[in-house]
Amino acid sequence: MNSPADPLLHSGTVPDLMRAVTTAAAAGAARLAESTTSHSIATHDELAGLVRSVDLNHPAADFDQALDELDALWLRHAVWFHLPRTTAHLNCPVAVPAVAAEALAATVNTSVDTWDQSTTATLIERRLLAWTAEQIGFPAGADGMFTPGGTMSTLQALLLARDEALEAPSTSPASLGADASSGTESRPVRAARLRILASAESHFSVRTAARILGLDEDAVLTVPVDDGGRMRPRQLRALLEEVRAQNLIPMAVVATAGTTDRGAIDPLSTIAFACQEHGTWLHVDAAYGGGLLTSREHRHLLTGIELADSVTIDFHKTWFQPVSCSAVIVRDARTLRHCTHHAAYLNPADTPEPNQIDRSLQTTRRFDALKLWLTLRTVGAERIGEMLDEVIALAGEVAEAIERDSRFELVCDPALSTVLFRWLPADGSAPDAMVRAIRRRIWESGRATVAETVVGDRPCLKFTLLNPNATRSDLLAVLEYVHEAGLDLLSSSSAASSAASSAPASEITEVTV
Ligand SMILES: *Cc1c(COP(=O)(O)O)cnc(C)c1O
């Protein structure tokens with residue numbers, strides 16, 4: 001293909017678009033189809049060299065050449081999430097119509113900020129937000145916003161919670177005397193008294209949000225968890241009371257529906273009742289567990305989510321959507337006013353049609369709702385739920401296999417689709433030291449990806465299963481890789497130790513790669 005004289009898309013360049021999109025899609029599809037391992041074994045240094053060698057000041061001769069170049073430095077080495085042995089992260093295989101929707105969204109280049117840049121796109125987005133609110137069980141009057149990810153959804157939710165708490169008349173008994181006239185307390189002074197309560201296993205983005213929102217350094221208080229990694233509601237109540245007693249304001253409780261490591265779902269209803277008693281905003285981070293809304297088998301695990309004030313849902317995790325696609329859903333649409341800013345050039349207050357920018361922290365914003373729409377209209381919500389049920393069942397099977405296998409230790413029963421385990425060296429050496437080295441060895445082999453994490457102070461390996469096409473035998477194969485990697489590491493460290501037999505024992509017992 002020759003470089004088109006006019007690179008911009010219009011009726012005259014439609015043939016160029018068709019060619020470019022078809023060729024690019026074919027290049028990606030070809031690599032996807034022939035990929036058999038989760039990623040290539042190229043190292044960071046090798047890939048950095050390839051990327052550095054490209055001269056950005058001088059374009060390639062034509063699109064095909066640029067694509068070939070990209071193939072060599074990216075597609076050949078990409079990490080593939082459709083392969084059953086890619087198990088490290090909450091990044092999913094994607095629904096076909098959703099990928100097509102990405103191309104479509106870019107073709108039109110809709111920005112869903114003002115009505116006059118989006119029209120139907122605004123309506124599609126609002127329909128999807130209302131539909132999601134319905135699945136949650138929120139009453140009429142709920143609303144929400146699409147965001148680029150769970151981190152942003154939770155940030156927006158906590159911003160609303162903060163501003164609600166700043167506006168609310170002081171209810172703290174200790175403050176009734178001095179602050180009886182309320183209003184005398186300046187915003188920063190009151191903000192410094194705000195506290196967020198979240199479990200020890202809540203996502204780090206809660207702390208990030210607190211920082212961005214200008215809260216006190218110690219604003220996020222940690223509620224202990226039970227053996228399954230779920231927030232302990234009694235301890236939550238005690239902490240809520242303690243916060244009040246210290247003349248602080250419990251601005252929000254963040255419950256998690258599907259913690260990133262264990263998939264644990266906090267006891268939502270009990271937590272919600274505690275929040276109601278204290279007039280505290282309840283945010284449910286269902287970035288991971290949100291897909292359960294579509295599950296017939298496991299929807300009940302989310303019981304109580306309908307009592308929340310706001311919910312984070314990542315469609316790019318358990319809804320099989322390409323990155324990025326997330327939403328924050330709020331019980332009361334009026335709370336979104338805290339995000340509203342009217343700019344004369346963009347969204348004056350008196351326009352009759354809805355401007356989504358009035359409810360968003362972003363201005364120009366991708367039409368990410370389109371891929372969810374096309375997926376729901378093609379695949380259907382029920383099938384999404386079935387696929388999620390399949391990976392949950394798979395996690396159960398794999399956990400059972402691990403439990404029966406004396407070479408491994410199952411760290412905890414899976415709650416959703418993650419499986420936490422450790423390899424147990426037969427020679428009795430500590431499994432802790434092996435975790436990182438095994439993960440790395442497997443990554444370097446290019447055969448699979450496995451995650452490492454720390455749960456309750458114990459390092460462990462982790463499968464995050466999101467691929468309904470993965471089978472038990474795929475995962476058993478990865479377990480064999482783990483075993484082989486472990487044995488390899490032990491034998492290379494014992495070889496190293498006999499080679500350096502004069503070295504002090506403390507230096508050679510540590511496994512390195
Ligand atoms: C993934 C995740 C997040 C962060 O979401 P992003 O989409 O990666 O920004 C937040 N909370 C939980 C529980 C998650 O699993």
Side-chain angles (χ1 to χ4, degrees), residues 79 81 86-92 94 98 132 136 144-159 161 196-213 220 222-223 225 228-231 252-268 271 282-293 301-302 305 308 310-329 360-362 365-366 368-369 371-372 388 391-392 395 414-420 451-455 462-466:
V79 182
F81 294 94
T86 305
T87 69
H89 294 287
L90 269 168
N91 202 343
C92 56
V94 291
T132 310
I136 291 172
M145 182 43 59
F146 275 84
T147 78
T151 303
M152 293 299 147
S153 295
T154 295
L155 171 64
Q156 180 163 359
L158 291 177
L159 181 144
I196 298 171
L197 287 68
S199 92
E201 298 200 10
S202 63
H203 196 264
F204 64 84
S205 53
V206 174
R207 279 150 190 87
T208 309
R211 223 167 52 236
I212 297 171
L213 294 172
V220 183
T222 302
V223 187
V225 295
R230 292 168 298 248
M231 183 187 282
V253 169
V254 178
T256 312
T259 58
T260 314
D261 275 337
R262 299 205 232 190
I265 298 175
D266 290 337
L268 302 176
I271 293 170
L282 172 60
H283 177 66
V284 174
D285 177 359
Y288 177 14
L292 295 175
L293 290 175
L301 295 175
L302 293 182
I305 196 171
S310 55
V311 176
T312 287
I313 299 203
D314 267 4
F315 297 111
H316 60 215
K317 285 177 178 166
T318 40
W319 299 64
F320 307 98
Q321 297 301 295
V323 174
S324 55
C325 194
S326 177
V328 57
I329 309 291
S360 177
L361 297 179
Q362 294 174 264
R365 193 165 48 78
R366 287 169 49 90
D368 284 324
K371 52 197 169 195
L372 179 62
L388 184 54
V391 295
I392 292 172
L416 278 181
S417 67
T418 59
V419 184
L420 292 153
E452 63 171 287
T453 188
V454 176
V455 168
K462 178 169 78 160
F463 291 147
T464 301
L465 306 181
L466 286 179

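Atoms within each ligand, like the ligands themselves, are counted from 1 in listed order.
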K.L.:
Hey, is ligand 1 close enough to Thr260 that some N/O pair sits below 3.5 Å?
P.N.:
yes

K.L.:
Which ligand 1 atoms, with their elements, are less than 4.0 angstrom from a heavy-atom of Gly149?
P.N.:
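Selected atoms, number and element: 7 (O), 9 (O).
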
K.L.:
Would the distance check show the side chain of Thr318 and the main-chain N or O of Gly289 forming a donor-acceptor pair, the cut-off being under 3.5 Å?
P.N.:
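Answer holds: no.
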
K.L.:
Please tell me whether Thr312 and His283 have a donor and an acceptor in their side chains that are separated by less than 3.5 angstrom.
P.N.:
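Yes.
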
K.L.:
Under 4.0 angstrom from ligand 1, any heavy atom of Gly258?
P.N.:
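Yes, Gly258 has heavy atoms under 4.0 Å from ligand 1.
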
K.L.:
Considering only heavy atoms of Ala287, which atoms of ligand 1 have at least one such atom less than 4.0 Å away?
P.N.:
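Listed by number with element, the hits are 2 (C), 3 (C), 10 (C), 11 (N), 12 (C), 14 (C).
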
K.L.:
Without swapping roles, check the side chain of Ser205 against the backbone of Thr208 for a donor-acceptor pair under 3.5 Å.
P.N.:
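No; zero donor-acceptor contacts below 3.5 Å.
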
K.L.:
Tell me the protein heavy atom at minimum distance from atom 11 (N) of ligand 1, and give that distance in Å.
P.N.:
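Ranked first by proximity to atom 11 (N) of ligand 1 is Asp285 OD2, 2.6 Å.
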
K.L.:
Check whether Lys371 reaches the backbone of Ser324 with its side chain - one donor and one acceptor, N or O, closer than 3.5 Å.
P.N.:
yes

K.L.:
Quick check on Leu90 - does any of its heavy atoms sit under 4.0 Å from an atom of ligand 1?
P.N.:
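Contact check Leu90 vs ligand 1: positive.
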
K.L.:
Any donor-acceptor pair under 3.5 Å linking the side chain of Ser417 with the backbone of Leu465?
P.N.:
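Present.
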
K.L.:
Could you list which atoms of ligand 1 come closer than 4.0 Å to a heavy atom of His316?
P.N.:
7 (O)

K.L.:
Have Thr256 and Asp285 got a donor and an acceptor in their side chains that come within less than 3.5 Å?
P.N.:
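Result is no, nothing qualifies.
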
K.L.:
To the nearest 0.1 Å, how far is atom 9 (O) of ligand 1 from its closest protein heavy atom, and which atom is that?
P.N.:
Thr151 OG1, 2.6 Å

K.L.:
Would you check the N or O atoms of Tyr288, main chain and side chain alike, for any that come under 3.5 Å of an N or O of ligand 1?
P.N.:
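By distance alone, the answer is no.
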
K.L.:
Consider side-chain contact (heavy atoms from CB on, under 4.5 Å). Of Val254, Val206, Val220, Val253, which one does Leu197 pass it with?
P.N.:
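Result: among Val254, Val206, Val220, Val253, Val253 is the only option passing the side-chain contact (heavy atoms from CB on, under 4.5 Å) with Leu197.
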
K.L.:
So which heavy atom in the protein is nearest atom 14 (C) of ligand 1, and how far is it from that ligand atom?
P.N.:
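Ranking protein heavy atoms by distance from atom 14 (C) of ligand 1, first comes Lys317 NZ, 2.9 Å.
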
K.L.:
Against Ile305, only a single residue in Ile136, Leu282, Ile313 fulfils side-chain contact (heavy atoms from CB on, under 4.5 Å); can you say which?
P.N.:
Ile136

K.L.:
Pull out every atom of ligand 1 sitting under 4.0 Å from any heavy atom of Asp314, numbered as shown with elements.
P.N.:
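Every atom of ligand 1 under 4.0 Å from some heavy atom of Asp314: 5 (O), 6 (P), 7 (O).
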
K.L.:
Could you check Thr147, Leu159, Val328 and say which one makes a side-chain contact (heavy atoms from CB on, under 4.5 Å) with Leu361?
P.N.:
Leu159

K.L.:
Atom 6 (P) of ligand 1: which protein heavy atom is closest, and how many Å away?
P.N.:
Gly150 N, 3.3 Å

K.L.:
Which residue supplies the protein heavy atom nearest to atom 10 (C) of ligand 1, what is that atom called, and how far is it?
P.N.:
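Sorting protein heavy atoms by distance from atom 10 (C) of ligand 1 puts His203 CG, 3.2 Å first.
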
